[in-house]
There are 2 protein chains.
Amino acid sequence: MSNSNSSNGQAGFTLPAFAESGDALARIFAALGDPIRLKLVAILCAGGAFSITQLTTSTDITRQGVTKHLQVLAEAGVVRDVKVGRERLWQLDPAQVALARQTLEAIGREWDVALAKLKAFVEAP
Amino acid sequence: MSNSNSSNGQAGFTLPAFAESGDALARIFAALGDPIRLKLVAILCAGGAFSITQLTTSTDITRQGVTKHLQVLAEAGVVRDVKVGRERLWQLDPAQVALARQTLEAIGREWDVALAKLKAFVEAP
DNA sequence: TTAATATGCAGCCATATTGTTGCAATAGGA
DNA sequence: TCCTATTGCAACAATATGGCTGCATATTAA
């Protein structure tokens, strides 16, 4: 089987840094990988700080369901909560979103480099 | 409960477009939301086209497990496969990655706009 | 033809995820 | 104080996910 040229690891090219960035990055993407959570992020990035009850009115699920989604987002570091009175207000923390965006930019750059190498190889004299 | 001022929907501000972009966008993020799949993407964006057997050597799971991960990525449109001989070579399709990146950029922009509005409100005479 | 390689497909199992209901607890306002 | 609004917590069911084994199928090479 395969053997031979390998495919990476001890291969002939280096992987981009995010390949080994552990689970933190994957958790950010996974947190964004749900339609309801994506909508919650949209609300939070457009508005400011909202309570769970307020956010619930924007979805078709129960308050407790929204709470679970917010917990997923919070564990990924995408949102934060602040207690004020008897309410718990949620707001976006854009740092992790920026990290995810930089990763996707890195993928695009690597891809461009790979294309350029291929082009140079094909056009070699 | 809550009632009152709403929080969006029929609220006083407009949501960014990605809020209602259906499940396609969420599927892209979900596809990237796994450490193994993130590594596969890293390999593919750095290299070119690899067979399942080759990709398996880069992971700690079985070939069938890798196949399932590739299917998740394929259903999100992140990777494509090409049959050549008895092999099935996989390669990145950067279009969906670019779409995800644009979404994260939009979140960042919305956030900046919201901050600017807040600043203007606080500093109002 | 025969053997070896590469993949496909089905089924199984353990665990995680998503959403619910029900009840308790905390905090504000009349 | 008493009522109400907001949230927290626990248990539960249904489904999805991630990983495996086992076997079948195709394709290349000798």
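By convention in this document, chain letters (A, B, ...) are assigned in the order of the sequence lines, proteins followed by strands, and residues within each chain are numbered from 1.
- Here the straight-line distance linking atom OG1 of B:Thr67 with atom CG of B:Leu55 works out to 9.5 Å at 0.5 Å rounding.
- The interatomic distance linking B:Phe50 (CZ) with C:dA6 (C1') rounds to 17 Å, in whole Å.
- Two residues, B:Trp90 and A:Lys83, neighbour DNA chain C, and the one matched to the more 5' nucleotide by heavy-atom proximity is B:Trp90.
- A salt bridge links B:Arg101 to B:Glu105: one of the charged nitrogens lies within less than 4.0 Å of a carboxylate oxygen.
- Taking side-chain N and O atoms only, A:Thr67 has no distance below 4.0 Å to OP1 or OP2 of D:dT7.
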Taking it one step at a time, do B:Leu115 and B:Lys119 satisfy side-chain contact (heavy atoms from CB on, under 4.5 Å)?
CA-CA 6 Å; B:Leu115 277 191; B:Lys119 186 163 181 287; over 6 Å; no
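- In this structure, A:Gln54 contributes its side chain and A:Ser51 its backbone to a donor-acceptor pair below 3.5 Å.
- Residues A:Trp111 and B:Leu38 fall within the same hydrophobic cluster, defined by Ile, Leu, Val, Met, Phe, Trp and Tyr side chains chained together at heavy-atom separations under 4.5 Å.
- Distance B:Ile52 CD1 to D:dA26 C1': 14 Å, rounded to the nearest Å.
- Side-chain N/O atoms of B:Arg86 and base N/O atoms of D:dT27 include a donor-acceptor pair closer than 3.5 Å.
- The CD atom of B:Gln71 sits 12 Å away from the P atom of D:dG18 (whole-angstrom rounding).
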Show the numbers, then the answer: is there a side-chain contact (heavy atoms from CB on, under 4.5 Å) between A:Leu89 and A:Phe50?
CA-CA 5 Å; A:Leu89 301 182; A:Phe50 294 92; 5.9 Å; no
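- Look at B:Arg88 and you won't find any side-chain N or O under 4.0 angstrom from OP1 or OP2 of C:dA6.
- A:Asp81 places its CG atom 8 Å from the P atom of D:dG8, with the value rounded to the nearest Å.
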Strictly under 3.5 Å: I want the nitrogen or oxygen pairs between protein and nucleotides 17-20 of chain C, one per line.
residue, atom, partner, partner atom, Å
C:dT18, OP1, A:Arg37, NH1, 3.4
C:dT18, OP1, A:Arg37, NH2, 3.4
C:dT18, OP2, A:Arg37, NH1, 3.3
C:dG19, OP2, A:His69, NE2, 2.3
C:dG19, N7, A:Lys68, NZ, 2.9
C:dG19, O6, A:Lys68, NZ, 2.4
C:dT20, OP2, A:Thr62, N, 2.7
C:dT20, OP2, A:Thr62, OG1, 2.6

